[in-house]
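Please read the structure below before turning to the comments.
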There are 2 protein chains.
Amino acid sequence: MVSQTEPAAGNQTVSNGWDRDLVPDTRGETRHPEPTCPVEVALAAVGGRWTTLLLRELMHGPRSFGQLRAALPALSAKVLSERLTRLALDELIECRRQKGFPSHTVYRLTAAGQTLKPLLIELYRTGDALLRETSAHCGRSGT
Amino acid sequence: MVSQTEPAAGNQTVSNGWDRDLVPDTRGETRHPEPTCPVEVALAAVGGRWTTLLLRELMHGPRSFGQLRAALPALSAKVLSERLTRLALDELIECRRQKGFPSHTVYRLTAAGQTLKPLLIELYRTGDALLRETSAHCGRSGT
DNA sequence: CAGTATCCCTGTTGATACTG
DNA sequence: CAGTATCAACAGGGATACTG
C-alpha cells in the first residue's frame, strides 16, 4: 500500500507540494479567494442567477432585449439589465443600439464571451456525472 | 457571408433550434434556473466562497479540520464547517472521526468529488484565457 | 481539536412602477 | 421597445464566543 496521509492520491505532476494539473502557476497557490485567481475570474463570469441561461441564449446567436425576455419569461427586466451590463463591462458581450423609436438593441457575444462555451459544456458534463453517481448511490445496474 | 441574424455562428450540431454541444438533452432546455439542470448541479457543487480552494486542498489528499484551517487561515471555522457539511451531504466528501480526545476528523474526496477535478481545471483554463484576452484589449504584442 | 451558536451586516434578487 | 428607480425580502458570509 502507498502512504495515503500526505502525497495525495493519483497525481503524478506534483511540484513543490502542488498538483500542477490543478495549480499550473502561482496564481492558483493562493490561500484566499483572490479576484485575480483564474478560477475566481471564470466563476465570476458565469456566476449569478440566470447568467448561464442568458449565455446559452447568446451562444445561439445575437438577441435583442425583448427576445431574451421572451426566451426567459421569469427573468425580470431589472435582473436582465444588470446581467447584460456586467457582461458588457467584462467585455464578454457587445451591444448595438439602433437609433430611432421604438428603440432596439442587439446583444452578441464577443470573442472573449465565446471562450466560455467549453466551460459551459464542462459544467453540463460534470453536473450530469454527479447526477448519475449520486442517483446510483447503491445499485450499479437496473432492478 | 453567412446569415448572422438567426442560426447563430459556428454550430453544426443544431437540432430543433438548440446547439446540441451546449444543450445535449432536454434538461438543458429549461427557461428557468432549475436545480435539476446539470449546469446548476455543477455550479452548486463548486459554488460558495472558499469552496474551490477547499476542494483544491482536498484534491491534494485527505485533510483534517485543523489542516484545512492552517491551509486557509482566513477561512473561519463556521464557514469551513458549513462547507464541509454541505459537501458531505452532497456526497462529494467523506469524513472519518477518530474517537477519543482531543477529537480528530479526516475529510477526503469521494469518487463523486474526484469528478470535479476536470471542472476545476477547466475553470482555471477559462479564467486564464479571459485574463489574457481582456488584458490584451488593444495591443497584440509588447512595444 | 473540532466544531456550534449568535448576531450583524451586506449583497442579491424580485416585484412593481415609471421613463426615453 | 428598452430600459431605470425604488423598495422589500432573503441568503451568504464574517466576528466573536461557547461546548464536547
Side-chain angles (χ1 to χ4, degrees), chain A residues 5 30-35 37 39-40 43-55 57-58 62-90 93-108, chain B residues 5 30-35 37 39-40 43-55 57-58 62-90 93-108:
Chain A
T5 45
T30 176
R31 303 180 173 284
H32 201 265
E34 303 278 358
C37 172
V39 172
E40 300 287 332
L43 281 174
V46 300
R49 206 159 135 88
W50 296 99
T51 302
T52 55
L53 293 174
L54 189 49
L55 288 170
E57 291 307 310
L58 292 170
R63 293 289 189 271
S64 68
F65 195 90
Q67 283 179 309
L68 293 169
R69 290 214 70 186
L72 304 169
L75 169 55
S76 73
K78 181 204 165 198
V79 173
L80 175 55
S81 182
E82 284 175 356
R83 291 291 173 275
L84 291 170
T85 301
R86 186 186 60 77
L87 290 170
L89 282 173
D90 291 349
I93 64 173
E94 279 174 348
C95 56
R96 288 201 157 176
R97 338 178 78 82
Q98 256 90 64
K99 306 287 178 167
F101 196 90
S103 61
H104 194 74
T105 314
V106 173
Y107 296 89
R108 54 158 58 202
Chain B
T5 44
T30 176
R31 302 178 173 286
H32 201 265
E34 304 278 358
C37 172
V39 172
E40 300 287 333
L43 281 174
V46 299
R49 206 157 135 90
W50 296 99
T51 302
T52 55
L53 294 175
L54 189 50
L55 288 170
E57 290 307 312
L58 292 170
R63 292 290 188 271
S64 69
F65 195 90
Q67 282 179 311
L68 293 169
R69 291 214 69 184
L72 305 169
L75 170 54
S76 72
K78 179 203 166 199
V79 172
L80 175 55
S81 181
E82 284 175 356
R83 291 292 173 274
L84 292 170
T85 301
R86 186 186 61 75
L87 290 170
L89 282 174
D90 291 349
I93 64 173
E94 278 173 348
C95 56
R96 288 202 158 179
R97 337 178 79 82
Q98 257 88 65
K99 306 284 177 167
F101 195 90
S103 61
H104 193 75
T105 315
V106 172
Y107 297 89
R108 53 158 58 200

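Residue numbers begin at 1 in each chain, while the letters A, B, ... track the order of the sequences.
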Checklist entry - By salt bridge (Lys or Arg N to Asp or Glu O under 4.0 Å), which residues pair with A/Arg86, not counting sequence neighbours? => result A/Asp90
Next on the checklist: Short of 4.0 Å, heavy atom to strand atom, which residues of residues 98-106 of chain A count as contacting DNA chain D?
Outcome noted: A/Pro102, A/Ser103, A/His104, A/Thr105
Checklist outcome for this item: Closest non-hydrogen contact found for B/Cys95 with B/Thr105 is CB-CG2, 3.8 Å
Item to check | Of B/Gly66 and A/Ser76, the one whose closest DNA chain C nucleotide lies more 5' | outcome: B/Gly66
Item to check | Distance (rounded to the nearest 0.5 Å) between A/Leu89 CG and A/Leu84 CG | outcome: 11.0 Å
Restricting both atoms to N or O, compile the protein contacts to nucleotides 11-13 of chain D shorter than 3.5 Å, with distance only.
{"residue": "D/dG13", "atom": "OP1", "partner": "B/Arg49", "partner atom": "N", "Å": "2.7"}
{"residue": "D/dG13", "atom": "OP1", "partner": "B/Arg83", "partner atom": "NH2", "Å": "3.3"}
{"residue": "D/dG13", "atom": "OP2", "partner": "B/Arg83", "partner atom": "NH2", "Å": "2.3"}
{"residue": "D/dG13", "atom": "N7", "partner": "B/Lys78", "partner atom": "NZ", "Å": "3.3"}

Checklist entry - For the atom pair CG (B/Leu58) and CZ (B/Arg63), what is the distance rounded to the nearest 0.5 Å? => result 7.5 Å
Item to check | Counterpart residues, side-chain hydrogen bond (donor to acceptor under 3.5 Å, both in side chains), relative to A/Thr52 (two or more places apart) | outcome: none
Checklist entry - Are B/Leu75 and B/Leu68 close enough, and set up right, to give a side-chain contact (heavy atoms from CB on, under 4.5 Å), and what steps lead you there? => result CA-CA 9 Å; B/Leu75 170 54; B/Leu68 293 169; over 6 Å; no
Item to check | Partners passing side-chain contact (heavy atoms from CB on, under 4.5 Å) against B/Ala70 (at least two apart in sequence or in another chain) | outcome: none
Next on the checklist: Enumerate the salt bridge (Lys or Arg N to Asp or Glu O under 4.0 Å) contacts for residues 74-84 of chain B, please, sequence neighbours excluded, ordered by first and then second residue.
Outcome noted: B/Lys78-B/Glu82
Checklist entry - How is A/Arg69 classified with respect to the nucleic acid when contacts are heavy atoms under 4.0 Å: base, sugar-phosphate, or nothing? => result nothing
Checklist entry - Residues two or more places apart in sequence or in another chain: which of them pass side-chain contact (heavy atoms from CB on, under 4.5 Å) with B/Arg69? => result B/Phe65, B/Ala77, B/Leu80
Checklist outcome for this item: In this structure, CD of B/Glu34 is separated from CD of B/Glu40 (nearest 0.5 Å) by 8.5 Å
Item to check | Test side-chain contact (heavy atoms from CB on, under 4.5 Å) applied to A/Ala71 - qualifying residues, sequence neighbours left out | outcome: A/Glu57, B/Arg31
Checklist entry - If you walk 5' to 3' along DNA chain C, what is the first nucleotide with an atom under 4.0 Å of a heavy atom in chain A, and what is the last? => result C/dT13 to C/dG20
Checklist entry - Partners of A/His32 by ring-ring contact (aromatic ring centres under 6.0 Å, His included), sequence neighbours excluded? => result B/Trp50
Checklist entry - When you match B/Pro33 and B/Ala77 each to their closest nucleotide on DNA chain C, which lands nearer the 5' end? => result B/Ala77
Next on the checklist: Could you work out, with side-chain contact (heavy atoms from CB on, under 4.5 Å) as the rule, every residue matching A/Ser103, not counting sequence neighbours?
Outcome noted: none
Item to check | 5'-to-3' dot-bracket of DNA chain C (Watson-Crick, G-U; under 3.5 angstrom; crossing pairs as [ ]; | other strand) | outcome: ||||||||||||||||||||
